[in-house]
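This report concerns only the one structure given below.
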Amino acid sequence: MTQIIAHRGARNLWAENSLQGFRNVVALGVGAVEFDLHLGAGGEILVIHDATLDRTTTGTGPVRALTEDSRHALRLIGPDGEIDEGVPTLSEVLDILAPVPGLRLFPEIKADENGVYDPALVIGTIEMLRAYGLAPRTVLHSFDTGVLRMIRAAAPEFARKVSVNGDWAERQGGIRAFCGGLGDLVGMVAVHHELLEVELEAVSSLFPLQKIGVWTLNDPDLIARWLRRGVGFITTDDPRMAKDIMAQEMAL
């Protein structure tokens with residue numbers, strides 16, 4: 001059965017990558033949640049998508065400059081405006097998600113404001129997930145194959161997923177060349193819906209359908225279409241809508 005992944009803690013419903021969003025996703029009963037990781041000024045692992053604070057918070061500047069005090073001083077911005085939260089740490093997020101039986105986690109390792117992937121973020125993330133006992137239900141992912149090789153070398157017990165869109169695939173010589181060159185680096189691939197629409201045959205010749213995901217689906221018709229195709233997972237900003245559509249499809 002297709003699994004629904006709450007993208008950035010369901011950012012169309014609640015502030016993305018917020019404790020509020022993660023608590024509500026848990027209450028919604030979604031089977032998987034995706035979130036994004038950066039390092040702060042003190043080396044703490046922070047849960048935020050962008051390498052800068054400007055879009056999703058009341059702060060400005062790079063996430064890498066964020067201190068403990070400034071983290072608490074700013075506020076996240078959600079669909080309905082500011083909420084009474086700063087940027088959460090990975091440990092704060094895992095305190096919410098780890099106790100939920102069977103909930104799968106999809107943390108993405110992000111590059112800093114200079115486009116650099118810090119090995120300290122990779123190692124710190126792995127160590128914390130291990131400390132919480134989450135390796136069996138975590139899929140670490142990135143667009144960058146170098147990051148995925150770091151993960152494989154440091155923690156082969158973790159599942160790995162690569163993400164790809166049209167621009168990235170084109171720079172790698174096309175989706176077939178890119179996916180065909182992955183070997184055993186990953187067990188899952190997540191493809192942007194516009195690319196997968198035209199390249200499903202190519203991708204499914206290299207990966208089993210249940211190991212293929214599509215992102216980011218927020219249109220009801222698109223969600224229904226990909227559910228009928230039987231891909232392994234659908235990433236959406238509105239998992240509540242996706243769950244309703246899945247229930248309708250199963251009732252047909």
Side-chain angles (χ1 to χ4, degrees), residues 1-38 44-49 56 71 76 78-79 83-110 121-122 124-142 151 155 157-161 163 186-188 190 210-211 213-218 223 226-227 231-247 249-250:
M1 178 183 294
T2 301
Q3 186 161 62
I4 295 169
I5 303 176
H7 188 227
R8 305 184 201 172
R11 69 173 184 159
N12 277 11
L13 303 177
W14 306 289
E16 69 176 65
N17 286 314
S18 66
L19 299 180
Q20 175 197 68
F22 295 123
R23 290 190 187 100
N24 288 337
V25 163
V26 167
L28 190 61
V30 174
V33 59
E34 187 268 356
F35 50 91
D36 308 281
L37 304 177
H38 286 274
E44 63 276 8
I45 302 172
L46 303 177
V47 179
I48 183 171
H49 179 271
T56 60
R71 179 174 78 86
L76 296 179
I83 66 169
D84 191 23
E85 283 187 34
V87 176
T89 63
L90 177 58
S91 61
E92 289 171 336
V93 171
L94 295 183
D95 285 343
I96 294 170
L97 303 180
V100 184
L103 180 65
R104 299 185 76 191
L105 310 184
F106 286 77
E108 181 174 357
I109 305 295
K110 305 295 287 188
L121 176 58
V122 176
T125 298
I126 288 167
E127 289 176 349
M128 187 169 294
L129 290 165
R130 280 174 172 163
Y132 277 80
L134 289 169
R137 52 190 176 102
T138 297
V139 180
L140 290 166
H141 69 109
S142 176
I151 294 168
E157 75 272 26
F158 279 84
R160 299 175 300 275
K161 171 173 74 73
S163 298
V186 299
M188 305 167 71
Q210 66 268 23
K211 299 296 184 181
V214 57
W215 57 275
T216 300
L217 300 182
N218 297 316
I223 291 171
W226 284 106
L227 284 171
V231 291
F233 50 101
I234 285 173
T235 301
T236 177
D237 295 322
D238 191 341
R240 183 164 54 199
M241 175 178 67
K243 280 192 67 179
D244 289 344
I245 293 169
M246 177 178 277
E249 289 294 314
M250 292 177 67

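Along the sequence shown, the residues carry numbers beginning at 1. Please read all numbers here as calculations on a predicted model, not as lab measurements.
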> Given the rule in the side chain to side chain contact (heavy atoms under 4.5 Å, CB included) test, do Ile245 and Glu249 qualify, once you have shown the distances and angles that lead to the verdict?
Replying inline: CA-CA 6 Å; Ile245 293 169; Glu249 289 294 314; 4.3 Å; yes
>> Under a 3.5 Å distance rule, please check whether Glu44 uses its side chain to pair with a backbone N or O of Thr89 as donor and acceptor.
In response: no
>> Within this structure, what is the CG-OH distance for the pair Leu90 and Tyr132, rounded to the nearest 0.5 Å?
In response: 7.5 Å
> Any side-chain heavy atom of Arg8 within less than 4.5 Å of one from Glu34?
Replying inline: yes
>> Just to verify, which of Asp237, Asp238, Asn17 counts as forming a side-chain hydrogen bond (donor to acceptor under 3.5 Å, both in side chains) with Arg11?
In response: Asp237
>> Could you tell me if the side chain of Trp226 sits less than 4.5 Å from the side chain of Thr2, heavy atoms only?
In response: no
> Using the ring of each side chain (for Trp, its six-membered ring), is Phe106 parallel, tilted or perpendicular to Phe233, with breaks at 30° and 60°?
Replying inline: tilted
>> So which atom in Ser18 and which in Gly21 form the shortest heavy-atom distance, rounded to 0.1 Å?
In response: OG-N, 2.8 Å
>> For a quick test of reading the model, state the closest non-hydrogen atom pair linking Arg160 to Val186 and the distance between them.
In response: O-CB, 3.5 Å
> With side chains defined as the heavy atoms from C-beta onward, is the minimum distance between Leu76 and Ile48 less than 4.5 Å?
Replying inline: no
> What's the shortest heavy-atom distance between Pro88 and Leu19, and which atoms?
Replying inline: CB-CD2, 3.7 Å
>> Less than 4.5 Å apart, side chain to side chain, heavy atoms only: is that true for Pro79 and Leu13?
In response: no
> Hey, does Leu37 have a side-chain heavy atom less than 4.5 Å from the side chain of Lys110?
Replying inline: no
> What do the steps show when you test Asn12 against Thr236 for side chain to side chain contact (heavy atoms under 4.5 Å, CB included), and what is the final call?
Replying inline: CA-CA 9 Å; Asn12 277 11; Thr236 177; over 6 Å; no
>> Let's go through Val122 and Leu140 carefully: what are the C-alpha distance in whole Å and the side-chain angles of both, what is the deciding distance for side chain to side chain contact (heavy atoms under 4.5 Å, CB included) to 0.1 Å, and is it a yes or a no?
In response: CA-CA 10 Å; Val122 176; Leu140 290 166; over 6 Å; no
> Which pair of non-hydrogen atoms, one from His141 and one from Ser163, has the smallest distance, and what is that distance?
Replying inline: ND1-OG, 3.6 Å
> So which heavy atom on Arg137 is nearest to which on Leu97, and how close?
Replying inline: NH1-O, 3.9 Å
> With a 4.5 Å heavy-atom cut-off, do Glu157 and Arg130 have their side chains touching?
Replying inline: yes
> So do the side chains of Ile234 and Ile5 get within less than 4.5 Å of each other, counting heavy atoms only?
Replying inline: no
> Ala15 and Ile83: which non-hydrogen atoms are nearest, and at how many Å?
Replying inline: CB-CD1, 3.6 Å
>> Apply side chain to side chain contact (heavy atoms under 4.5 Å, CB included) to residues Trp14 and Val25 and explain how you reach the verdict.
In response: CA-CA 9 Å; Trp14 306 289; Val25 163; 4.1 Å; yes
> With no hydrogens and no angle check, is any side-chain donor or acceptor of Lys243 less than 3.5 Å from a backbone partner on Leu28?
Replying inline: yes
>> With a 4.5 Å cut-off on side-chain heavy atoms, are Glu16 and Thr56 touching?
In response: yes
